[in-house]
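To start, the structure under review is shown below, and the notes come after it.
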Protein chains: 2
Amino acid sequence: MGTTGKALELLDLFTRVRPQVGLSDIARLSGVNKATCHRLMTELQAYGLVEQVEPTREYRIGPAVLRLAALREETVPYKSIVQPVLAEVTERTGESAHVSMLVGGRVELISFAYALRHGTRVILHDAETLPFHATSSGLAILAHAGPVLQKEVLGRPLPALTPQTETDPVRIRARLEAIRVQGYAESVGAFEHDVHSIAAPVFASQGDCIAALAIAAPATRVTPELRDEMIAAALKGADDLTLKWGGRPPERAALTPIAAY
Amino acid sequence: MGTTGKALELLDLFTRVRPQVGLSDIARLSGVNKATCHRLMTELQAYGLVEQVEPTREYRIGPAVLRLAALREETVPYKSIVQPVLAEVTERTGESAHVSMLVGGRVELISFAYALRHGTRVILHDAETLPFHATSSGLAILAHAGPVLQKEVLGRPLPALTPQTETDPVRIRARLEAIRVQGYAESVGAFEHDVHSIAAPVFASQGDCIAALAIAAPATRVTPELRDEMIAAALKGADDLTLKWGGRPPERAALTPIAAY
DNA sequence: ACCGATGGTTCAAATAATGAACCGACGGCT
DNA sequence: AGCCGTCGGTTCATTATTTGAACCATCGGT
């Protein structure tokens with residue numbers, strides 16, 4: 001990776017729980033020399049990707065991203081396309097839904113819609129990065145990803161977020177195969193306890209999977225009927241997105257009848 | 001400037017009117033060698049700051065900015081702070097208002113609110129970069145900026161966007177002085193014909209001017225009374241922002257009475 | 001079949017990035 | 001007060017990366 005990549009990776013140190021980071025911390029957390037960090041941060045700062053907040057001189061994400069995001073949304077009206085689809089899905093199932101994208105080798109939450117029907121909901125935050133192996137979205141995307149990404153993801157340590165998290169790469173590989181066959185991914189309590197989620201892949205124009213639409217509900221609420229409904233809604237929503245996104249939804253003719261069987 | 005800076009500058013080639021650019025164009029527009037461009041774009045792409053759209057393989061702003069923007073908004077709720085202030089300003093004056101920020105040496109439109117009262121409005125787009133010398137926002141910011149930025153901005157060519165645009169650096173310098181004294185900047189038809197705008201500076205916690213709040217109206221509609229109202233509203237709104245932003249609004253005690261006089 | 005454009009690649013030469021050591025300043029401690 | 005650790009930031013010789021002219025393969029139009 002080049003210098004630019006290293007600089008950009010420093011941006012990943014800023015998270016919701018750690019929105020501001022000092023120079024020394026940046027060096028420690030990233031493992032990069034402090035002088036180098038300083039130079040890189042200065043460069044990011046010059047463009048406005050980060051800014052320094054007085055008086056501690058800690059860094060945080062800068063205002064330039066606002067302009068870029070506005071420009072992105074203007075060129076690719078992602079959110080505006082995604083929102084109505086999500087709205088329909090939540091309306092139909094009564095459960096919360098969200099869309100996450102594969103960006104920079106990570107699964108990132110792009111947009112979500114809460115169901116209003118129930119008091120208990122699955123709460124997610126914007127700008128969150130999801131683990132591949134412990135979420136239905138991650139699994140759905142990984143199942144349709146190239147072998148390179150699969151190997152890389154399954155090669156690194158897979159933390160168990162709950163007792164239900166599957167952490168064995170071999171067993172996950174088998175699940176990915178199943179996911180490809182059935183067209184959707186399922187995760188029960190693997191990310192957070194008592195969360196049952198179903199995710200279906202969204203494909204770009206070239207047929208590569210770049211996102212997933214997921215529906216999540218409290219596990220205790222998921223009856224077989226609701227589960228069927230969630231699966232159908234996820235597949236439908238994902239295909240909607242694929243279409244609006246300019247891709248061609250996969251043939252599910254052979255699958256859907258079986259599911260309905 | 002280092003490599004990272006050059007890479008980030010390539011992002012500026014993407015605008016609303018030119019949302020997608022091919023590799024050769026990038027090289028031409030930026031003046032950077034094509035091979036270098038390719039490497040830099042590849043690096044930006046790896047992080048998701050840009051993406052390639054098939055089948056032309058043109059580049060465009062990537063999805064990573066969405067996550068960053070969400071994170072930014074979570075850490076610094078800029079827009080959510082700005083919106084109510086803008087709403088109040090437009091409510092009070094009946095004219096459109098917007099806030100622009102100084103980021104990376106440019107004036108960028110961050111947020112805006114349209115007035116609903118009139119049919120004719122001043123239309124601006126999100127993610128727009130404003131010229132320093134031809135907008136009240138730009139002038140307000142420049143007037144309170146450091147000498148380095150002033151010199152740099154006034155040193156480069158100042159295009160005349162309308163016949164009313166002031167392009168003489170010396171005369172602009174004089175205006176900046178006046179703007180500092182009176183506390184607000186005014187621009188009549190200098191950016192677009194028939195647009196009269198008033199802007200007041202917003203200060204950060206360290207006393208440096210980092211943004212401006214502007215009110216824009218069709219010039220033909222601006223009576224002396226409306227103009228006074230616009231000035232008062234801009235100053236008030238800007239000071240509000242400065243406060244909520246954690247800064248200390250400048251003393252205007254000596255000024256406001258004079259305006260009301 | 002040609003032409004000119006495209007996106008992308010190669011490799012020696014030039015340039016920029018790197019990191020250990022250092023600096024001054026600040027903020028608890030004792 | 002005085003000390004100690006840490007902070008953000010800087011220096012400069014060493015090193016590794018970036019750079020760019022030339023080069024491919026491919027595509028679309030004539």
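Source: prediction; values computed, not measured. Chain letters run A, B, ... following the sequence lines, proteins first and then strands; every chain starts at 1.
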Side-chain contact check for A:L40: nearest option of D:dA21, C:dG19, C:dT18 is C:dT18
Decide whether B:T75 and A:Q20 meet the rule of one side-chain donor and one side-chain acceptor closer than 3.5 Å. no
When the distance from CG of B:N33 to P of C:dA13 is rounded to whole Å, what number comes out? 17 Å
Tell me whether the side-chain N/O atoms of A:T36 come closer than 4.0 Å to OP1 or OP2 in C:dA17. no
For atom CE of B:M41 and atom C1' of C:dT6, their distance in whole Å: 15 Å
Should A:E73 and A:S80 be marked as a side-chain hydrogen bond (donor to acceptor under 3.5 Å, both in side chains) after you check the CA-CA gap, both sets of side-chain angles, and the distance that decides it? CA-CA 8 Å; A:E73 196 58 22; A:S80 9; 3.1 Å; yes
Whole angstrom is fine here: how far is it from CD1 in A:I26 over to C1' in C:dT18? 17 Å
A:E58 near the nucleic acid: base, sugar-phosphate alone, or nothing, with a heavy-atom cut-off under 4.0 Å? nothing
Can you tell me how far C1' of C:dG7 sits from CZ of B:R39, to the nearest Å? 16 Å
Which residue, A:K6 or A:V21, contacts DNA chain D at a nucleotide closer to its 5' end, judged by nearest heavy atom? A:V21
Answer yes or no for B:R106 and A:Y47: cation-pi contact, defined as NZ/CZ to six-membered ring centre under 6.0 Å and angle to ring axis within 45°. yes
Counting only side-chain nitrogens and oxygens, does B:Q45 get under 4.0 Å of the OP1 or OP2 atom of C:dG8? no
Does B:T3 place a side-chain N or O at less than 4.0 Å from the phosphate oxygens OP1/OP2 of C:dA17? yes
May I have the distance from A:R57 (atom CZ) to D:dT10 (atom P), rounded to whole angstrom? 9 Å
Measure the distance from NE2 on A:H38 to C1' on C:dA21 and round it to the nearest whole Å. 16 Å
How long is the straight-line distance from OG1 of B:T165 back to NE2 of B:H133, given to the nearest 0.5 Å? 6.0 Å
Rounded to whole angstrom units, what separation is found between the CG atom of B:L23 and the C1' atom of D:dT26? 14 Å
Pair A:K236 + A:D239, salt bridge at N-O below 4.0 Å: no
Please determine whether any donor N or O and acceptor N or O are separated by less than 3.5 Å between the side chain of B:K34 and the base of C:dG8. yes
Please report the distance, rounded to the nearest Å, between OH in A:Y59 and P in D:dC7. 14 Å
Remember a base hit wins even if backbone is also touched, and classify A:E43 as base, sugar-phosphate or nothing at under 4.0 Å, heavy atoms. nothing
